[in-house]
Colleague: 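Sharing a structure here in C-alpha cells format.
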Amino acid sequence: MVSATTASPATGARPRAPVHVRLAGFVGGASLDLFFGARDLYSVFARTLYYVVRGKRERGATLRQMHEIGNKSLLFVTVTMGCIGMILVYQAGLQTKRVIPDFSLLGATYLELLVRDLAASLGSLMLATRVGAGIAAEIGSMVVTEQVDALRMCAADPIDYLLVPRFVASMIMTAVLIVWGGTVAFVAGGLTAYVSFGVPIATFASIGLLDWGDLITGLIKCVAYGAAIPIVSGHAGLSTFGGSEGVGWATTRAVVNSSLAVIILNLVISSATFVAFPK
Amino acid sequence: MIRFADIVKSFGPKSVLKGVSFDVRRGEVFFIIGASGVGKSVLIKHLVGLMAPDTGDVWIDGEEISRFDEARMFPVRMKCAMVFQHSTLFDSMTCVENVALPLRKHRGLSLGDSLAEAAKRLDAVQMGAFADSYPSSLGDGMKKRVAIARALTLDPKYVLFDEPTTSLDPVSARRVDDLIRRLSGETGVTSIVVSHDLVSIFGIADRIVMLYRGHVRLLGTPAEFKACDDGVVQQFIHGRAEGPMEL
C-alpha cells in the first residue's frame with residue numbers, strides 16, 4: 001500500500017504532505033489573505049478620510065454620485081422597505097394575536113425596532129446590493145481598461161477622484177434613504193395593521209417606546225453603513241485584475257463583503273449601544 | 001536620458017523580465033519590440049511608476065525613480081507622458097475634458113483655462129471639431145489622436161506609446177507614425193514606442209531593442225536589425241510563422 005506521504009515511483013510525482021500539514025497550510029494561507037485584505041481595506045479607508053479633508057474634488061462630482069446612489073435607489077428602497085414593513089407587521093400581528101390579543105403596543109414596538117435597527121440594517125443591505133455592485137463594477141471596469149492608470153498619469157489619485165465623491169454621497173444619501181425607507185416601512189406596516197387586525201392608525205403611530213438611545217443608535221448605524229458600503233465596494237473595484245471575469249468577481253465580492261460589513265457593524269454597534277443606552 | 005538597469009519583474013510564479021538593461025538617448029524614436037507577453041508594456045510602465053521592479057533601477061535624467069512613492073512620481077509623470085494601448089479616454093468626460101484633466105491636476109489651471117488650452121491641443125491633432133463629443137461616439141483612430149493630445153498637453157520631454165497603431169487602419173497608423181516622427185524632429189521629444197507594427201518599426205525608428213524570453217536579444221538601428229544573422233530576430237522582423245522563436 002502506498003502511503004499518502006510517499007512519492008509514486010511510477011509517476012515521479014511530488015509526495016503529498018500529511019493531512020494536518022495541508023490543513024495548517026490552508027488555514028495559514030486563509031489567515032494571511034484575511035490579514036492582507038483587512039490591511040488593504042484599512043489603507044483605502046484611511047486614504048479616503050485623508051482626501052475627504054485634503055482632496056480637491058471635481059465640481060459636481062459628489063452631487064452626481066448623490067443622484068446615482070440616492071435618486072436612482074429611491075424606487076428600489078421604497079418598494080422593498082414597504083413590502084418588508086407589511087410582512088413584518090403582519091407576522092408580528094399574528095404572533096401577538098395568538099399570545100396576548102392586545103395590539104396597543106404593536107406600532108410602538110415596531111417603531112422602536114425600525115428606528116433602532118431594522119430600517120438602517122435592511123435598507124443598507126438593499127443598498128449594498130445596488131450601490132455596492134455599481135461602484136465595484138464601474139471602478140473595476142476602469143481598472144481593467146487602464147483608465148485608473150491613466151488617472152494616475154494625470155496626477156489624479158483614484159481614491160480622491162473616484163472613491164471620495166462616492167463615499168461622501170453614500171454617507172449623505174444612505175441616511176436620507178434609510179429615513180425615507182423607515183418611514184415607508186412604518187406607514188406600510190400601519191396600513192397592514194389597520195386592514196388585517198383593525199388597529200387604529202392613531203394607536204399604531206405611537207412613539208411611546210422611542211427614546212434618544214434609539215435615535216442615536218439608528219443614526220450611528222446610518223453613518224457607519226453609509227461609509228462601509230463605498231469603502232468595501234471601492235476596495236473590491238480597485239483590486240480588480242484580469243478582464244471582464246475579474247470585474248464580475250469584483251462585483252460579487254463587493255456585494256458579499258458590503259453585506260457582511262453591514263451585518264458585522266450591526267452586531268458591534270448594537271452591542272455597544274445596548275451597553276451605552278440600556279433598556 | 002532614460003536607463004533601465006537590470007530590471008527583474010515577476011507576476012507570481014511567472015518571471016517576465018529577467019534582467020533587462022539598456023539606455024534610451026535624448027530625442028530619439030526608440031522602439032521596444034518582441035512577441036506578445038514578453039513584457040514590453042510592463043517595462044515602460046516602470047518608467048512612470050505604474051509598476052515597480054522586483055529588483056533593478058530605472059533612471060530618468062540622472063534620478064533613480066523606481067522607489068518613488070505616488071506623490072514623488074507626479075513630477076516624473078509631468079515630463080514623461082504615456083499613450084495607452086486602447087487610448088483609455090475617460091468615458092464620462094468629453095474629449096476636451098479628457099485633455100484638460102492633466103492641466104488641472106498637474107498644473108492646477110482653472111477649469112476655464114484648462115478647457116481653452118485643451119481645445120487648442122485638440123485642434124493640433126485635427127480633433128477640434130469633436131471637442132464636445134464623448135469617446136464612445138468616436139472611432140479608434142480618433143480616440144488615439146485625442147489620447148495623444150492628452151499625453152502631449154503638458155509638453156513632456158518623454159512620451160511612451162504602447163502599441164499606438166494597433167487596431168488602426170493603415171492610413172491612420174501612418175499618420176500616428178508621422179506625428180511621432182515630427183515630435184522627435186521638431187520638438188526634441190524622446191519617444192519610446194512599444195509596437196509589433198513592422199511598417200512603423202522600420203519606417204520611423206532610430207533604434208530598436210528586441211526583448212526575448214525576459215532578456216534583451218538585440219539592441220541596434222533598423223539597419224543593424226536587418227543585417228543581423230540571429231534566427232530569432234530575423235523570424236520576428238519578417239513575421240515568419242516557422243523558425244527558432246519560442247512563444
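Protein chains get the first letters and strands the later ones, always in sequence-line order, with residue 1 at the start of each.
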Colleague: Heavy-atom pairs under 4.5 Å with chain A - which of B:Leu111, B:Thr153, B:Thr88, B:Leu89 has more of them than the others?
Modeller: B:Thr88
Colleague: Strictly by modelled atom types, are B:Tyr134 and B:Asp91 linked by a side-chain donor-acceptor pair under 3.5 Å?
Modeller: no
Colleague: Does a side chain donor of either B:Asp57 or B:Ser66 reach within less than 3.5 Å of an acceptor in the other side chain?
Modeller: no
Colleague: Is it the backbone or the side chain of B:Leu154 that comes under 4.5 Å from a heavy atom of chain A, or both, or neither?
Modeller: neither
Colleague: Would you say the side chains of B:Ser110 and B:Asp113 form a donor-acceptor pair under 3.5 Å?
Modeller: yes
Colleague: Between A:Ser233 and A:Ser258, do the side chains contain an N or O donor and an N or O acceptor separated by less than 3.5 Å?
Modeller: yes
Colleague: I need the residue from B:Leu101, B:Leu50, B:Val76 with the largest number of non-hydrogen atom pairs under 4.5 Å to chain A.
Modeller: B:Leu50
Colleague: Tell me, side chain or backbone of B:Ala81 under 4.5 Å from chain A's heavy atoms, or both, or neither?
Modeller: backbone
Colleague: Will you find, in the side chains of B:His86 and B:Lys144, an N or O donor that is under 3.5 Å from an N or O acceptor?
Modeller: no
Colleague: Name the region of B:Phe90, side chain, backbone, both or neither, that has any atom closer than 4.5 Å to a heavy atom of chain A.
Modeller: both
